[in-house]
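Reading through the structure tokens given below for one structure.
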Amino acid sequence: MQTAAARLAADDKIRPARDEVERFHRRLCHLRVLDPACGTGNFLYVTLEHLKRLEGEVLDTLERFGGNRNLEMDTATVRPGQMLGIEINPRAAVIAELVLWIGYLQWHLRTAGDIKTVSEPVLEDARNIETPDALLAYDRQELVTGKDGRPQTHWDGRTTKPHPVTGRPVPDESAQLPVYTYQNPRPANWPQADFIVGNPPFIGASRMRDALGAGYVEALRKTVKAIPQSADYVMYWWHRAADLVRSGQARRFGFVTTNSLRQTFNRRVLEQHLKVEAASRRLSSPNKAPSPRNQELSLIFAIPDHPWVDDVEAAAVRVAMTVGEAGNTS
């Protein structure tokens with residue numbers, strides 16, 4: 001039979017390991033993941049689910065080391081408020097927040113198995129899903145009118161109708177949105193996050209004016225001059241996330257984009273970030289380390305061409321998947 005002294009000695013040996021597991025769990029409970037085009041929250045929900053699975057493994061390990069497995073719904077667990085989103089459609093933003101909480105409560109009840117551990121209020125207003133434009137901030141919009149004083153409009157970029165001859169979908173000219181100019185345009189701020197994920201809008205450069213309005217596109221291009229006008233809309237998200245990772249404000253980003261990412265007109269955006277360290281070395285002393293903002297971006301995961309179908313009736317498209325991290329990891 002093990003004496004109290006022997007148990008104490010054994011505990012002293014495993015205490016450093018238990019402390020390390022507890023530190024990792026605390027880090028896990030403070031991670032922040034951002035989807036800057038979150039829609040109804042699918043990517044954030046999947047992220048939350050994977051974090052909860054990882055948390056379960058961590059807590060199992062902690063228990064084996066004699067720690068206290070705490071599943072109370074307080075700050076000592078991974079929570080929906082760690083999942084941050086930007087979604088300009090207010091209805092979709094509300095759905096995203098609800099999806100996260102439903103998924104979280106279901107996971108908690110499956111794991112804890114006791115409704116009594118659900119604290120009140122059941123749903124919290126974490127304000128983790130925001131509804132501004134993800135790329136462009138401005139002081140105000142001004143309606144554009146014609147010579148007759150009537151507001152100018154453009155097709156909403158989404159609504160279609162069948163062509164009377166071919167039956168193929170064509171723009172529905174009755175679905176119109178007003179045209180605005182944007183006063184004092186500037187880059188929008190993103191919430192501070194450790195990781196950035198998402199599936200930003202797939203709009204080609206040639207369709208941006210139709211889908212977003214000429215005033216918006218002009219303001220965006222004026223604000224983000226690093227993006228060539230031939231680049232697709234999704235590259236504005238990619239460029240912004242790459243900037244945040246290179247400057248140390250985020251650890252990694254991962255996006256699903258169109259497979260046109262590998263084509264010349266979009267590849268120019270990638271090259272600005274992937275080759276920056278080599279350019280910095282040529283322009284500075286070889287013994288001088290580049291500043292954090294001049295860190296090279298490395299693609300640590302990339303699939304250039306992959307089939308993607310949203311639902312059974314949707315046409316298949318080809319997508320690219322990329323994950324970026326600061327530093328030369330080759």
Side-chain angles (χ1 to χ4, degrees), residues 11-87 92-131 190-199 241 244-245 248-255 323 325:
D11 185 69
D12 286 341
K13 289 180 180 179
I14 67 172
R15 183 176 289 114
R18 185 171 65 238
D19 291 345
E20 185 61 32
V21 174
E22 289 176 348
R23 279 193 293 270
F24 181 80
H25 185 235
R26 285 194 294 271
R27 284 179 53 203
L28 201 63
C29 294
H30 289 87
L31 280 181
R32 293 162 69 85
V33 180
L34 169 66
D35 184 344
C38 72
T40 54
N42 182 59
F43 275 59
L44 292 176
Y45 171 80
V46 172
T47 302
L48 177 64
E49 184 176 11
H50 281 286
L51 285 177
K52 294 301 289 186
R53 287 179 180 174
L54 177 57
E55 182 182 38
E57 295 177 14
V58 171
L59 293 173
D60 285 343
T61 303
L62 182 62
E63 197 169 36
R64 287 198 298 271
F65 286 154
N68 180 25
R69 184 187 180 106
N70 181 6
L71 281 176
E72 294 298 324
M73 297 181 64
D74 54 20
T75 56
T77 188
V78 173
R79 299 175 64 78
Q82 296 171 238
M83 306 295 108
L84 311 177
I86 303 176
E87 173 51 50
V94 172
I95 293 173
E97 190 169 0
L98 187 59
V99 163
L100 287 172
W101 274 103
I102 291 175
Y104 173 67
L105 292 169
Q106 288 176 335
W107 181 271
H108 180 82
L109 292 175
R110 284 198 304 268
T111 307
D114 189 352
I115 192 67
K116 294 178 181 179
T117 62
V118 178
S119 58
E120 297 287 348
V122 175
L123 301 182
E124 297 177 6
D125 185 10
R127 302 182 185 274
N128 53 315
I129 309 296
E130 302 178 2
T131 55
W190 286 5
Q192 184 70 41
D194 300 285
F195 300 98
I196 302 170
V197 299
N199 178 24
L244 291 172
V245 167
Q249 298 179 66
R251 292 171 57 183
R252 286 182 183 176
F253 75 90
F255 282 148
V323 177
E325 181 179 86

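Sequential numbering from 1 along the given sequence is applied to the chain's residues. Scope of the values below: all heavy atoms of this structure, side chains included, with no hydrogens, waters or symmetry mates.
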In terms of heavy-atom contacts, does CZ of Arg127 have more than 12 from other residues, nucleotides or ligands at under 6.0 Å?
-> no
Can you find a pair of side-chain heavy atoms, one from [X] and one from [Y], that are under 4.5 Å apart?
X      : Y      : answer
Pro191 : Ile86  : yes
Phe253 : Leu244 : no
Tyr45  : Thr40  : no

For the side chain to side chain contact (heavy atoms under 4.5 Å, CB included) test, which of Val78, Leu59, Thr61 pairs with His25?
-> Leu59
Of Leu98, Leu105, Val99, which is the lone residue that meets side chain to side chain contact (heavy atoms under 4.5 Å, CB included) with Ile102?
-> Leu98
After noting the C-alpha distance and the side-chain angles of Leu54 and His50, does the key distance pass the side-chain contact (heavy atoms from CB on, under 4.5 Å) rule?
-> CA-CA 6 Å; Leu54 177 57; His50 281 286; over 6 Å; no
Where is the tightest heavy-atom contact between [X] and [Y], given as atom of each residue plus distance?
X     : Y      : result
Cys38 : Ala96  : SG-CB, 4.4 Å
Phe65 : Ala17  : CE1-CB, 3.8 Å
Glu97 : Ala126 : OE2-N, 4.0 Å
Ala76 : Cys29  : C-SG, 3.8 Å
Glu87 : Ala92  : CG-CB, 3.7 Å

Taking Glu22 for the side chain and Leu62 for the main chain, is one N or O donor matched with an acceptor at less than 3.5 Å?
-> no
Arg32 side chain vs Gln192 backbone, donor-acceptor pair below 3.5 Å = yes
His30 and Gln82: CA distance, side-chain angles, deciding distance, side-chain hydrogen bond (donor to acceptor under 3.5 Å, both in side chains) verdict = CA-CA 7 Å; His30 289 87; Gln82 296 171 238; over 6 Å; no
Distance in Å, [X] [atom1] paired with [Y] [atom2], rounded so as to fall on 0.5 Å steps:
X     : Y      : atom1 : atom2 : answer
Leu84 : Thr47  : CG    : OG1   : 11.0 Å
Leu31 : Leu51  : CG    : CG    : 6.5 Å
Leu44 : Asn128 : CG    : CG    : 8.0 Å
Asp35 : Asn199 : CG    : CG    : 8.0 Å
Met83 : Leu34  : CE    : CG    : 10.5 Å

May I ask you to decide if the ring planes of Trp101 and Tyr104 are parallel, tilted or perpendicular, using 30° and 60° as cut-offs?
-> perpendicular
Verdict with reasoning, Trp190 to Ile196, per side-chain contact (heavy atoms from CB on, under 4.5 Å) = CA-CA 10 Å; Trp190 286 5; Ile196 302 170; 4.2 Å; yes
With the threshold set at 4.0 Å, does a side-chain nitrogen-carboxylate oxygen contact exist between Lys52 and Glu55?
-> yes
Less than 4.0 Å between a side-chain N and a carboxylate O, is that true for Arg53 and Glu57?
-> no
